[in-house]
Q: 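Handing you a structure now.
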Amino acid sequence: MLMPKKVKHRKIQRGGKIRGVSSRGNALSFGIFGLKAMENNLISARQIEAARRAMTRFIQRGGKVWIRIFPDKPMTKKGDETPMGKGKGAVDHFVAVVRAGRVLFEMDGIKKELAKEAMKLAAYKLNVKTKFIEKEKA
């Protein structure tokens, strides 16, 4: 699963509501086809891995897949039936902060129909609304 090798701060605060649209990473850079987020949310490392597996299995290791997001925000969790107080819980998992317009995955080297179906399977694994995009011919 994806996680950073090293973090500046082991535990960080959650922050408020995720607002705005993505100003970076909102265009295709590597592949011809992509999956773009249409809403803001946190995507866990498990969801990213599940989506990647769904795509690569469907295209049967043909073509190339790029993951354009990385889970670098640690999320903590206290044990079940733990009383209030006693500090912040231990780091449980990592998440990626995703804003609307962000390209999540890219794909190249396969037909459009195959890529569209693979991205659809990946989209089922994510907790954001997405849309299939493709690069315009220059």
Q: Measure the spacing between CG of D108 and NZ of K64 and express it to the nearest 0.5 Å.
A: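 Nearest 0.5 Å value for the CG-NZ distance: 10.0 Å.
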Q: I'd like to check the side-chain contact (heavy atoms from CB on, under 4.5 Å) partners of R57; sequence neighbours left out, ordered by chain and number.
A: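 So R57 forms no side-chain contact (heavy atoms from CB on, under 4.5 Å) with any residue.
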Q: Work out which heavy atom in N127 is nearest to a heavy atom in E39; give both atom names and the distance.
A: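 Of all heavy-atom pairs spanning N127 and E39, the closest is O-OE2, 3.8 Å.
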Q: How far does CG of L35 sit from CG of L28, to the nearest 0.5 angstrom?
A: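 Answer for the CG-CG pair, L35 versus L28, is 10.5 Å.
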Q: Does K131, at its NZ atom, have more than 12 non-hydrogen atoms belonging to other residues, nucleotides or ligands within less than 6.0 Å?
A: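 No, NZ of K131 has 12 or fewer neighbouring heavy atoms, counting only those of other groups under 6.0 Å.
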Q: With rounding to the nearest 0.5 angstrom, report the CD1 to NZ distance, I32 to K135.
A: 7.5 Å
Q: Answer yes or no: is there a side-chain heavy-atom contact under 4.5 Å between I59 and V65?
A: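 Heavy-atom side-chain distance check passes, below 4.5 Å.
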Q: Inspect the surroundings of NZ in K88 and state if more than 12 heavy atoms from other residues, nucleotides or ligands are less than 6.0 Å away.
A: yes
Q: The criterion is side-chain contact (heavy atoms from CB on, under 4.5 Å); which residues satisfy it with K78, sequence neighbours excluded?
A: T82
Q: Could you give the distance from CE (M55) to CD1 (I67), rounded to the nearest 0.5 Å?
A: 6.5 Å
Q: Please check if the number of heavy atoms outside K73 that lie under 6.0 Å from its NZ is greater than 12.
A: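 More than 12 heavy atoms, drawn from other residues, nucleotides or ligands, come within 6.0 Å of this atom.
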Q: To check you understand the geometry: which heavy-atom pair defines the closest contact between D80 and K77, and what is its length?
A: OD1-NZ, 3.7 Å
Q: If you take all heavy atoms of V91 and P74, which pair is closest and at what distance?
A: CG1-CB, 4.0 Å
Q: Taking all heavy atoms of A123 and all of T130, pick out the closest pair and write down the distance.
A: CB-OG1, 3.3 Å
Q: Where is the tightest heavy-atom contact between F58 and E117, given as atom of each residue plus distance?
A: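 Minimum heavy-atom separation between F58 and E117: CZ-CG, 3.2 Å.
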Q: Crowded around R46 CZ? As in, over 12 foreign heavy atoms under 6.0 Å?
A: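 For R46, atom CZ is not crowded (no more than 12 foreign heavy atoms under 6.0 Å).
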Q: I'd like to know if M75 and L126 are part of one continuous hydrophobic network [Ile/Leu/Val/Met/Phe/Trp/Tyr, side-chain heavy atoms within less than 4.5 Å].
A: no
Q: Would you say L114 and M119 are hydrophobically clustered, going by side-chain heavy atoms of ILVMFWY under 4.5 Å?
A: yes
Q: Can you tell me if K11 has over 12 outside heavy atoms packed within less than 6.0 Å of its NZ?
A: yes
Q: In Å and rounded to the nearest 0.5 Å, what is the CD1 to CG distance from I18 to L42?
A: 4.0 Å
Q: Starting at CD1 of I48, measure out to CD1 of I69 and round the result to the nearest 0.5 Å.
A: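 Here the rounded value is 4.0 Å.
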Q: Test F33 against K112 for side chain to side chain contact (heavy atoms under 4.5 Å, CB included), laying out the working first.
A: CA-CA 8 Å; F33 311 110; K112 182 183 176 180; 3.8 Å; yes
Q: Quick one: does D72's side chain have a donor or acceptor within less than 3.5 Å of a partner on P4's backbone?
A: no
Q: Which pairs of donor and acceptor atoms, one on a side chain in residues 92-107, lie under 3.5 Å apart (sequence neighbours left out)?
A:
{"residue": "R99", "atom": "NE", "partner": "R19", "partner atom": "O", "Å": "3.0"}
{"residue": "R102", "atom": "NH2", "partner": "R68", "partner atom": "O", "Å": "2.9"}
{"residue": "E106", "atom": "OE1", "partner": "S29", "partner atom": "N", "Å": "3.3"}
{"residue": "E106", "atom": "OE1", "partner": "F30", "partner atom": "N", "Å": "2.7"}
{"residue": "E106", "atom": "OE1", "partner": "G31", "partner atom": "N", "Å": "2.6"}
{"residue": "E106", "atom": "OE2", "partner": "S29", "partner atom": "N", "Å": "3.0"}
{"residue": "E106", "atom": "OE2", "partner": "R68", "partner atom": "NH1", "Å": "2.2"}

Q: To check you understand the geometry: which heavy-atom pair defines the closest contact between R10 and V7, and what is its length?
A: CA-CG2, 4.0 Å
